[in-house]
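Just below is one structure, and these are the notes that go with it.
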Amino acid sequence: MSTFQAPKGTYDLLPPDSAKFLAVREAIAAPLRNSGYGYIETPGFENVELFARGVGESTDIVTKEMYAFETKGGTKLALRPEGTASVLRAALEANLHKAGNLPVKLWYSGSYYRYERPQKGRYRHFSQVGAEAIGAEDPALDAELIILADQAYRSLGLRNFRILLNSLGDKECRPVYRAALQEFLRGLDLDEDTLRRAEINPLRVLDDKRESVQKQLGDAPLLRDYLCDACKAYHEEVRELITAAGVSFEDDPKLVRGLDYYTRTTFEFVHDGLGSQSAVGGGGRYDGLSEMIGGPALPSVGWALGVDRTVLALEAEGIELELPAATSVFAVPLGEEARRLLFAKVTELRKVGIAADFSYGGKGLKGAMKNANRSGARYAIVAGERDLAEGVVQLKDMESGEQAAIGVNEIVAELEARLG
Ligand code: ATP
Ligand code: MG
């Protein structure tokens, strides 16, 4: 193993591509910031029980994918595999839900860790931007989140994604359905592992990706046919609100999600250019999670969008984001006096908000101009002894190649004017 190799299932974000990741995070965050969501950051690890209880003991995340470890002091921790349980834990710990202003609306952005089989779009370290609205049961809140995710993807220029929508029922109707599904699954030709899963969490068998399982599920009972009146009405209202907002979706009666804690509204964003790792984001309502981790009843809804897969989706659609140039002005000093002067000018330019960089290392004109070119800067300012003796610098437009002498004291004003 080489020392210079990132661990299996991970990769580094490097310039210039890393700018795309930042832009995607920013694009997902923008509609949230604009809709009353406050930023939250929680630790990269938590007590392992938070996930084991919150995410659900029978999920792949907990049984197979969690990076759990014991500290030197004997505490059992886990690298966070997802954001919802942590955000809810933090909100409860800080009593945000008691401030009398429900729902508590929070958004986050960060790294998540799952010990998965690495492949394109599936990594052991990946990034999500997520949103949670805690402590309110209102179909408009479910609709808001779906609309905001749609808006985020659209603002990036993405078009080939679909929204899959379903309702998972609640504690009244889901158990009835669960029993019916279990009864159905017991009659199928399934391997031992899957039969065991059918006993613990039968809904997850519907999510089995294997063809041998899927082809037996054609006649499986659907939750849709078991929803109680309250769940039915709630779901219908969510559907109407997002339809009225002009957001299209597909009803997917078999959509269940990897996490145990979802109730009622559940949805997934899939992109058609990503092969088998097609889910770019997902979420739903989790009315029972707070009580599951020891808190009061706090009906909530949220989503998490995968940044890595969103970037892959952009590539699949051939979308080039319009990213601002990293550097607008590049300074090339020739000689000691020019070095001091231009360094001071670069500092001044940066202070007024113009992205500027400098030729370091005492390079000659040719090498320094190569750096100026590579930086992508629109303008280079070049100064040698003779220029300074005349009180000027050479301002070169890197696009047209035009060059003009301008007074040392006019550099900042001139560039401000030219760069608009
Ligand atoms: P999948 O079915 O693909 O395993 P999931 O249901 O486990 O997805 P969630 O827990 O809902 O995924 O996470 C939300 C989003 O985070 C996913 O839609 C995906 O974009 C992203 N994501 C999840 N796991 C990974 C991973 N291992 N690598 C990269 N992105 C991931
Ligand atoms: Mg998964």
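When a ligand or atom number is given, it counts from 1 through the structure's own listing order.
Set against the non-hydrogen atoms of A304, the atoms of ligand 1 under 4.0 Å away are 14 (C), 15 (C). Short contacts between ligand 1 and G121, defined as distances under 4.0 Å to a heavy atom of the residue, involve ligand atoms 28 (N), 29 (C), 30 (N). Heavy-atom contacts of Y123 reach the following atoms of ligand 1: 26 (C), 27 (N), 28 (N), 29 (C) (cutoff under 4.0 Å). For ligand 1 and F126, the ligand atoms under 4.0 Å from any heavy atom of the residue are 22 (N), 23 (C), 24 (N), 25 (C), 26 (C), 27 (N), 28 (N), 29 (C), 30 (N), 31 (C).
For the ligand labelled ligand 1, residue Q128 lies inside the 4.0 Å heavy-atom shell.
At a 4.0 Å heavy-atom cut-off, ligand 1 does not touch Q277 at all.
In the model, T42 has no side-chain atom that pairs as donor or acceptor with a side-chain atom of R89 under 3.5 Å. Between D170 and Y234, the side chains place no donor N or O within less than 3.5 Å of an acceptor N or O (distance only, hydrogens not considered). Between the side chains of Y37 and E144, at least one donor N or O lies within less than 3.5 Å of an accepting N or O.
In terms of polar-atom proximity, G281 is counted as a contact of ligand 1, with an N or O under 3.5 Å from an N or O of the ligand. In terms of polar-atom proximity, V280 is counted as a contact of ligand 1, with an N or O under 3.5 Å from an N or O of the ligand. Where the criterion is an N or O separation shorter than 3.5 Å, residue side chain and backbone included, D308 fails it with respect to ligand 1.
Here the two rings, on F269 and Y153, have centers that are under 6.0 Å apart.
The environment of Y67 atom OH is dense: over 12 non-hydrogen atoms of other residues, nucleotides or ligands sit within 6.0 angstrom.
Between the side chain of D12 and the backbone N or O of L14 there is no donor-acceptor pair closer than 3.5 Å.
Within the 4.5 Å cutoff, the side chain of R264 has heavy atoms near those of the E137 side chain. The shortest distance between side-chain heavy atoms of P333 and S359 falls below 4.5 Å.
Taking only non-hydrogen atoms, the option from E268, R114, R117 nearest to atom 5 (P) of ligand 1 is R114. When G83, A279, G9 are checked for heavy-atom proximity to atom 17 (C) of ligand 1, A279 turns out nearest.
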